[in-house]
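Just so it is clear, the values below take in all heavy atoms, side chains as well, and ignore hydrogens, waters and symmetry mates.
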Amino acid sequence: MSDSANPVTVTPILDRVRLPADMKGLSDAELKKLADELRTETISAVSETGGHLGAGLGVVELTVALHAVFDAPRDKIIWDVGHQCYPHKILTGRRDRIRTLRMKDGLSGFTKRSESPYDAFGAGHSSTSISAAVGFTMGRELGAQTGDAIAVIGDGAMSGGMAFEAMNHAGHLGKRMFVVLNDNEMSIAPPVGALSSYLTRLYAEGPVQDLKEVAKGAARAFLPEAFHEGARRAKEMLKGMAMGGTLFEELGFTYVGPVDGHDLEQLLPLLRMLKTRAKGPVLIHALTKKGKGYAHAESRPDGGHATAKFDVATGTQVKAISNAPSYTKVFAESLIKEAAKDEKIVAVTAAMPDGTGLNMFAQLHPRRCFDVGIAEQHAVTFSAGLAASGMKPFCAIYSTFLQRGYDQIVHDVAIQRLPVRFAIDRAGLVGADGATHAGSFDVGFMSSLPGMVVMAAADEAELVHMVATAAAHDSGPIAFRYPRGEGMGVDMPETGVPLEIGKGRMIAEGGRVAILSYGTRLAEVLKAREALQARGLAPTVADARFAKPLDTDLIDQLVANHEALICIEEGAIGGFGSHVAQYLSDQGVFDRGFKFRSMVLPDTFIDHASADDMYRTAGMDAPQIEAKVLELLGVAVAKRA
Ligand SMILES: Cc1ncc(C[n+]2csc(CCOP(=O)(O)OP(=O)(O)O)c2C)c(N)n1
Ligand SMILES: CC(=O)[C@@H](O)[C@H](O)COP(=O)(O)O
Ligand SMILES: [Mg+2]
């Protein structure tokens, strides 16, 4: 018995749970307490690391329920996008490292197979979880020693076409698997609308069949007027289901819900029952709230989707101050100026209005801005259709997410030579989001396409001119890339002036070596030049501006006047430097022993860290650029510490 002199200390349940197996003996009441402790720990951890907060808070109860009822890692719990996986990581042996989230050598901010056997499938890009779950399911059917596959997918991710491809296939196969639709009425963009929850209480106690019958015969459920087309389509489909609907059932799923995704008294019996009784594919529609349980997240329009480090008590974020505008802001403001001059300019985003800056454009031109949902393939071909109709579409998609729409770029844009303008944000290494979000390949995959004009801004002033160049370019597709984060603080032009297509620019004359930079590595190149200048070895520096068409006059000039040429770009092999090498080899330049180096990202996926750290790892910071020049000059280079 406790007394005031000897208060009984109650050990938090979370301290007794290192792995899901430790949850099996807990009572439902203890599981509820565990969920509360897990939420507190998630908030505390993210306050120290920054990262994705709202999504994880929205699935605390779901995470506890899934790990209490199913048997990971034999059962495969697959988190779509993976940004909501922090509670999952805490419960699967990584609580001790959760405060290294998204830091160099720390935990990934997404699920990652190499990090834990409990991370059944890697993520970062949206809408992949159901496909992976079907894969695991059929592996099991063919003898793999795995149990159930449970895909946890958000309502935003459900607007991705892959999700429907996967459900179509799953229903056809008819094998037992689970999809938990985590419906918090949010993508990243705030939606408009309200969701009835009266169905939730009605269904909670009934067995699945009754749930289904009630779903069939029950009255209607409001579903949110989603902010974007894709989610609206997914919501319409759900509405059909709640009305005793057809689409999920036509796809071969048993639809269960909506259930309260925060109520363990509903979730636990429901999941236990489904685990016991489900025969084929089952979709559980769970209603949750993004940012649940933390007022400073819940109250934000985006539900606290992403955050810097913050003070838990006040929710105040600790943000780095920069006097230079972000590239995203410069793009958006430049596009707004161009759109004011030309009403044919329209803008397209795939569920990233804030991330691309098109939220600013939409405020001024709501009818000329389209958010298609997490549907990059559709975004590209939709843009192609707009271009074919005579509009001037700016399709603004992060480099990494544009990978999702590559066949559409080739087949629907390039072959038809339609004047779609691709604004490729987050080009190059992006830092804490790591390898899944790196914009490493767009130079390669865009510049290999006939007729595609491919540009990279060296700084924010150049970006202004490239937006103007793209606006003026109507004879075919054109792309321009720029990195995540703030600009260099250079003087900004009043207005953008279209660049001459295929023309680069000299930056500084120098000695025996020339460096032809493409994109924002130019800043590091100039730092290296400064260090070399002190030794009387300053190289010539030029900014290529275009990877396609190449400025062959500039390249010829650099080759003629130097004994060596270095190309550098924030991208993988196969991009700008490869095109220059191809040109030089075709011209026979190498036949006479001319020295050439192309500095590109190494042939590996670089783990998350700060972008600067990642470029250091990639061998592309100023000291390593300096070393490359010295190597070509035959000057002994002191090994880096
Ligand atoms: C292919 C792709 N496009 C865009 C994104 C950017 N993105 C990350 S999370 C997110 C919204 C996801 O919404 P939802 O699935 O509902 O999850 P929630 O954050 O609401 O839990 C988006 C658009 C992505 N990760 N992958
Ligand atoms: C989870 C996800 O894919 C997005 O939230 C992404 O992390 C956004 O990246 P930025 O922070 O560069 O906008
Ligand atoms: Mg959502």
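- Residues His305 and His83 place their aromatic rings such that the two centres sit under 6.0 Å apart.
- Atom NZ of Lys24 has more than 12 neighbouring heavy atoms from other residues, nucleotides or ligands inside a 6.0 Å radius.
- Side chain of Ser44 to backbone of Thr40: no donor-acceptor contact under 3.5 angstrom is found.
- The aromatic rings of Phe110 and His52 lie tilted to each other, with the angle between the two planes from 30° to 60°.
- For Lys329 and Glu486, the salt-bridge test fails: no basic side-chain N is under 4.0 Å from an acidic carboxylate O.
- Using a 4.5 Å cut-off on side-chain heavy atoms (C-beta onward), Asp148 and Arg140 make contact.
- Taking the side chain as every heavy atom from C-beta outward, Val60 and Lys292 never approach each other to under 4.5 Å.
- Remark: the Asp425 side chain and the Thr356 side chain contain no N/O donor-acceptor pair separated by less than 3.5 Å.
- A side-chain donor-acceptor contact under 3.5 Å links His285 and Tyr255.
- The side-chain heavy atoms of Tyr327 and Arg484, taken from C-beta on, include no pair separated by under 4.5 Å.
- Closest non-hydrogen pair, Asp119 versus Arg113, comes out as O-CG, 3.4 Å.
- Side-chain contact check for Glu265 versus Asp28: every heavy-atom pair is 4.5 Å or farther apart.
- The two residues Ser129 and Val152 come nearest to each other via the heavy atoms OG-O, 4.2 Å.
- Minimum interatomic distance between Lys112 and Asp607 (heavy atoms only, all atoms of both residues): NZ-OD1, 2.7 Å.
- Counted within 6.0 Å of CZ on Phe121, heavy atoms from surrounding residues, nucleotides or ligands total 12 or fewer; the atom is thus considered open.
- Summarising the local packing, NZ of Lys275 is surrounded by more than 12 heavy atoms from other residues, nucleotides or ligands at distances under 6.0 Å.
- Atom NZ of Lys32 has 12 or fewer heavy atoms from other residues, nucleotides or ligands within 6.0 Å.
- For Ser116 (side chain) and Tyr118 (main-chain N/O), a donor-acceptor pair under 3.5 Å exists by modelled atom type.
- In this structure, Asp105 does not pair ionically with Arg97, as no charged nitrogen and carboxylate oxygen lie closer than 4.0 Å.
- Residues Ala65 and Leu267 share a closest heavy-atom pair of CB-CB, 4.0 Å.
- Side-chain atoms of Thr49 and Arg102, non-hydrogen and from C-beta on, never get closer than 4.5 Å to each other.
- You'll find the side chain of Trp79 reaches within 4.5 Å of the side chain of Thr63, heavy atoms only.
- Aromatic ring pairs are classed by plane angle as parallel below 30°, tilted from 30° to 60° and perpendicular above 60°; the pair Tyr294 and His296 is perpendicular.
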| task | Would you sort out whether Ile78 and Ile150 count as a side-chain contact (heavy atoms from CB on, under 4.5 Å), showing the intermediate values? | result | CA-CA 6 Å; Ile78 301 159; Ile150 307 102; over 6 Å; no
| From CA spacing to verdict: side-chain contact (heavy atoms from CB on, under 4.5 Å), Met352, Glu376 | CA-CA 10 Å; Met352 304 292 284; Glu376 288 82 3; 5.8 Å; no
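- Put simply, the side chain of Phe253 reaches to within 4.5 Å of the side chain of Met167, judged on heavy atoms.
- Under the 3.5 Å distance criterion, the side-chain polar atoms of His608 are matched with a main-chain donor or acceptor of Met103.
- A donor-acceptor contact shorter than 3.5 Å links the side chain of Ser27 to the backbone of Glu30.
- Contact detail for Ala618 and Leu601: the closest heavy-atom pair is CB-CD2, 3.9 Å.
- Using a 4.5 Å heavy-atom cutoff, the side chains of Gln84 and Thr288 are not in contact.
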